[in-house]
Amino acid sequence: MLIESTRSTSGLRLNSFNVPASRRRCLAYRRRILEISQQVTAVHVAPAFSCLEMTDVVYHGLMRSSPHPDRSPFFLDSFVMSKGHGCLSQYVILEDMGILDRRDVERYCTPEGRLGAHPDYGNPGIEASTGSLGHGLGIATGMAYADKVKRDRRVVYVILSDGELQEGSTWEALMMAANLDLSNLVALLDLNDFQGLGRTSETHPHFYPVLDKVRAFGWEAAEVCGHDAGAVFQAVSLRTGERPFFLVCKTVKGKGVSYMEHVPIWHYRSPNKEEYAWALAELREVAS
Amino acid sequence: VRNRFATTFYEAGTRDERLCVIVADISPAGSIQKFREEFPTRFVNTGVAEQIMIGMCAGVALRGLRPFAYTIATFTLFRPYEMVRDDLCYQNLPVTIVGIGGGVTYSTLGGTHHAQEDVALATALPNMAVIAPCDPAETEAATLWCAAQERGPVYLRLGKAGEPDFTSHLCTPWEFGKLRYLRSGDDVCILAYGTIMKLAAALADRFEALGDSVSLVSVHTLKPLDHDAIAEVLNRHRRVVVVEEMAPYGGLGPRVKEIAWDIRADCRLDTFGLQDEFIHNYGSQDQLHAAHGLDIRSLSKILDIG
């Protein structure tokens, strides 16, 4: 299935998105993340799995490549992984696109390497340092504002976690981005309903509904399944482009590996050898 | 100094279109209002929201602009401290955060508006430079430097209004990272920075009246500190006195003591600053200083020049 966005937003060129290709890529990315998880003891596998399709859509569907795709800034548009602990999804995609070196990814979290468990500005393809939650949307708001003032037709994409939507600073940014009419800002929320101490819907029921809150803050907003890459692409492509756009992406933490899904311990844990084999087998079944 | 900052910033802004200012609901003093009217897109008011003020500064700096964050010192530094640390310092972005009313300038507003530990907090951050000019002329020079610099984040600690002129007659220019002699003598040296230079100058007068040859030095750059020049001060003078409007931990006094120890200085060294206490007194800035022992009588007594 090839999804064509039916109209361009803010004068951006039309784009298209190949959903089966995205599905194949995301399987390969999940396998690659599991492979990396065998080198180090503590990684954020499940948080990366929950935003993987979203990140894939940003890089392979939404971001326009620059005339010089071989050197920084690599893209015409920008991406900030505000949910810094999801950056394995970003690393494997940047590796696949040839922006990060294979050796960089293999030296993940080691003294010889330069990639850590949170993105660090200055590394290839990393546009902002994140990790502490509640920073990325503010930085992206500044980027989008500067682009608007400079009449630079860039779009700034941000992936947020639902946990960091509890940070007051995120709401300061939501308020300000709307006040500044930043129609060139697109936030994608990885709503997996899990945070450190359990299910958000149980521990913080008034966190919901998210969509209404964001709309009340002056954003255009929509909701999709965050693992349906075609739906994510289409929702972003069909935004009116009049206001900042917020896409609530309902996701499953640990998506793709049955024993990780909805199980908090996989926020940090690396699978052992047996679990690794099991996960690979599951991903192979899906592929076939 | 606040107005001199505003005038200088406005003039620099007319020459350099990268300059912009992001404020958090502070009424733009003097020429900042003019800047706002002439360059509306380069003036952003985030409202009473300091975290997004710093976050936006980082974002626009990543796009090549040169933002100044501007509000009362407690709100540019304390409230959004982690944004200052992660967004500005960790990413090493050329952003100036202006703290109006550093120290206890807002002397009737109570402890919530006193930035009495700001220098310690700002200097603790890697990549951060810390500048505290002592008068309007130094404020102008420091502002121009901040507007043109590429090295990274700066905390610019300013007073508010009515600071006397100490430096406009000097032949030696203001230079980032260098001590600046306002008077040059051989016996006693007084080191100070920011608005408390007034007290330091009065102290210098007192020593001079007793027949001492006195140096009065503006340590306007607290970080990077001019280590070698401070070592020279300690070697060259019989007595050295540090006067600062800062909490006792992490300010200039302890740094000068460290250097004195390292170089085995044999001068007498006295350091004075605010106490490790919140201030519940109200009145003028001088009266608040006096409540913490920062007045000419108390200092003279301890220094045996009363």
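Below, chains carry the letters A, B, ... as their sequence lines are ordered, and counting in each starts from 1.
There is no contact between A:Val80 and chain B, counting heavy-atom distances below 4.5 Å. In this structure, the portion of B:Leu93 lying under 4.5 Å from any heavy atom of chain A is its side chain and not its backbone. Using a 4.5 Å cut-off between heavy atoms, B:Glu17 makes no contact with chain A at all.
Contact tally against chain A (heavy-atom pairs below 4.5 Å) for B:Leu65, B:Thr46, B:Ile54, B:Ile22: the top residue is B:Thr46. Among A:Pro73, A:Ala144, A:Ser78, the residue with the largest count of heavy-atom pairs under 4.5 Å with chain B is A:Ser78. With chain A as partner, the option from B:Asp87, B:Leu62, B:Thr41 having the largest number of non-hydrogen pairs under 4.5 angstrom is B:Asp87. Most heavy-atom pairs under 4.5 Å with chain B, from the set A:Asn179, A:Leu180, A:Asp120: that is A:Asp120.
Under the 30°/60° scheme for interplanar angles, the aromatic rings of A:His85 and A:His118 are found to stand perpendicular.
Proximity of B:Thr7 to B:Glu140: side-chain heavy atoms (C-beta onward) are nowhere separated by under 4.5 Å.
Within the cation-pi definition used here (under 6.0 Å to the ring centroid, within 45° of the axis), A:Lys253 does not qualify as a partner of A:Phe194. Judged by the 6.0 Å and 45° rule, B:Arg42 forms a cation-pi pair with B:Phe39.
Using modelled atom types, one finds a donor on one side chain and an acceptor on the other under 3.5 Å when comparing B:Glu245 with B:Thr195.
The six-membered or imidazole ring of A:Tyr59 lies near that of A:Phe75, with a centre-to-centre distance under 6.0 Å.
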